[in-house]
Amino acid sequence: MELNRIAEELHPRSMAARDWVFQVIRTAIIRGVLPGGMPLRQDEISSSLNVSHIPVREAFRQLEAQGLVRIYPNRGAVVTKLSPKELANVMDTRIMLETGILSAAVSLMTDADIEKADMYLKKFKDESDMENLDSINLKLHFALYKPSGNHVALTLIDQFHANVDRYLHPFYTVEDMPRIKNIAEHSALIDACRARDASLAKAILRTHLESTKQALLKSPLLAE
């Protein structure tokens, strides 16, 4: 079962039960294992993950706060499904947040921050597993955003990524990646940050995210 494989990946003893269950279900939603519109059966998940109902209920509430799950009275939890308009709104908000936080971060970056982003770019070039590519891409971006020190914005960006990546990961293959997350754009973005050119970095990031938005809007997984 795919949920069990994800559970093994996330090492249950490394975190509290509630946080582990949350991460397992969240990862399953992002990967398309639990698609939009799917009911989440508390008993089944509790049994599958060998935990009590309490951490599962708590995980459902965390997922609802992130917009990934909706809890209905007398119906239980259901994985949310975005319409094209909702996804476009999420991406537009992401673009505003990410270009803004990058602009604030550029002047605060150290050489170590740039080197970390470079390290993730090298890993990105060498990786062939779609699941790992998604993770590396996010780490690369966050390496450039974290110097801003704006943890509220970082948390929101992470939530927005989860909400849209589930329409990217199950639909696109590794062969599509150059079109979606262009390596040259990442390289140019890092170079602009290395030069401490905030205006150029923002322009490159905006172009990069706009192309991601257009790719996402073609996903057949979106609600009508």
Side-chain angles (χ1 to χ4, degrees), residues 6 9-10 23 26-27 29-32 66 87 90-216 219:
I6 293 170
E9 284 179 27
L10 296 176
Q23 290 295 343
R26 186 177 190 263
T27 301
I29 291 172
I30 293 170
R31 293 185 185 176
Q66 294 202 353
L87 186 141
V90 170
M91 281 303 301
D92 288 342
T93 306
R94 253 190 70 185
I95 291 167
M96 286 189 287
L97 267 177
E98 293 193 38
T99 54
I101 199 170
L102 179 67
S103 180
V106 168
S107 64
L108 301 172
M109 288 178 189
T110 64
D111 291 342
D113 295 321
I114 304 297
E115 287 172 11
K116 182 181 285 188
D118 253 335
M119 176 193 70
Y120 287 127
L121 180 59
K122 290 182 177 70
K123 288 185 177 182
F124 191 88
K125 290 176 181 176
D126 296 335
E127 184 57 61
S128 58
D129 187 308
M130 186 69 176
E131 292 169 5
N132 292 333
L133 281 168
D134 287 341
S135 175
I136 294 167
N137 175 70
L138 185 58
K139 288 175 180 177
L140 189 159
H141 281 263
F142 268 52
L144 299 176
Y145 302 160
K146 282 183 179 178
S148 71
N150 190 333
H151 299 294
V152 174
L154 290 169
T155 298
L156 289 172
I157 291 168
D158 182 56
Q159 291 179 18
F160 286 141
H161 266 279
N163 265 285
V164 301
D165 283 355
R166 55 190 170 134
Y167 297 100
L168 184 79
H169 174 78
F171 178 51
Y172 293 104
T173 66
V174 172
E175 287 71 29
D176 295 313
M177 287 301 292
R179 180 161 54 88
I180 303 164
K181 296 173 180 174
N182 192 284
I183 290 171
E185 288 180 355
H186 281 119
S187 182
L189 177 61
I190 293 171
D191 285 344
C193 291
R194 183 179 287 110
R196 305 302 192 270
D197 190 334
S199 296
L200 179 58
K202 279 181 66 177
I204 293 168
L205 179 60
R206 181 177 295 278
T207 299
H208 177 67
L209 293 177
E210 286 286 357
S211 65
T212 301
K213 173 185 171 182
Q214 294 309 312
L216 283 162
S219 174

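Below, each value reflects all heavy atoms present in this structure, side chains not excepted, and no hydrogens, waters or symmetry copies.
- How far NZ of Lys125 is from CG of Leu133: 13.5 Å, rounded to the nearest 0.5 Å.
- The structure places CG of Leu205 at 6.0 Å from CD of Glu98, a figure rounded to the nearest 0.5 Å.
- Asp118 is listed as a side-chain neighbour of Lys122, based on a closest heavy-atom distance under 4.5 Å.
- Ser187 places no side-chain N or O within 3.5 Å of a backbone atom of Ile183 that could act as its donor or acceptor partner.
- In this structure, Arg94 CZ and Leu97 CG are separated by 10.0 Å, a value rounded to the nearest 0.5 Å.
- With salt bridges taken as basic N to acidic carboxylate O contacts below 4.0 Å, none links Lys116 and Asp113.
- Listed by chain and number, the residues in a side-chain hydrogen bond (donor to acceptor under 3.5 Å, both in side chains) with Lys213 are Asp92 (sequence neighbours excluded).
- Under the side chain to side chain contact (heavy atoms under 4.5 Å, CB included) criterion, Asn150 pairs with Ile101, Ser148, Val152, Ala153, sequence neighbours left out.
- The distance from atom CD1 of Ile29 to atom CG of Asn163, rounded to the nearest 0.5 Å, is 9.0 Å.
- With a 4.5 Å cut-off on side-chain heavy atoms, Leu189 and Leu102 count as touching.
- Although no hydrogens or angles enter the test, the distance criterion places no donor-acceptor pair under 3.5 Å between the side chain of Ser219 and the main chain of Ala215.
- Ring geometry for His141 versus His208: interplanar angle under 30°, hence parallel rather than tilted (30 to 60°).
- Inter-residue side-chain proximity for Gln66 and Thr155 is flagged as unmet; no heavy-atom pair is nearer than 4.5 Å.
- Remark: Ile136 CD1 to Lys123 NZ distance equals 6.5 Å, nearest 0.5 Å.
- In this structure, Phe142 and Leu154 approach most closely via the heavy-atom pair CZ-O, 3.5 Å.
- What you find for Ala104 and Ser107 is that their closest heavy atoms are O-OG, 4.0 Å.
- Between Leu138 and Asp158 there is a side-chain heavy-atom pair separated by less than 4.5 Å.
- For the pair Thr99 and Arg206, the tightest heavy-atom approach, listed with the atom from each and the gap, is OG1-NH2, 3.8 Å.
- In terms of heavy-atom proximity, Val164 sits nearest to Leu216 at O-CD2, 3.3 Å.
- Across all their heavy atoms, Ala201 and Val106 have their closest contact at CB-CG2, 4.4 Å.
- Considering every non-hydrogen atom in both Leu144 and Met109, the closest pair reads O-CE, 3.0 Å.
- Taking CD1 from Ile190 and CG from Leu140, the interatomic distance works out to 4.5 Å, rounded to the nearest 0.5 Å.
- Of the N and O atoms on the side chains of Asp134 and His161, not one donor lies less than 3.5 Å from an acceptor on the other residue.
- In this structure, Arg196 pairs ionically with Asp111, as a charged nitrogen and a carboxylate oxygen lie closer than 4.0 Å.
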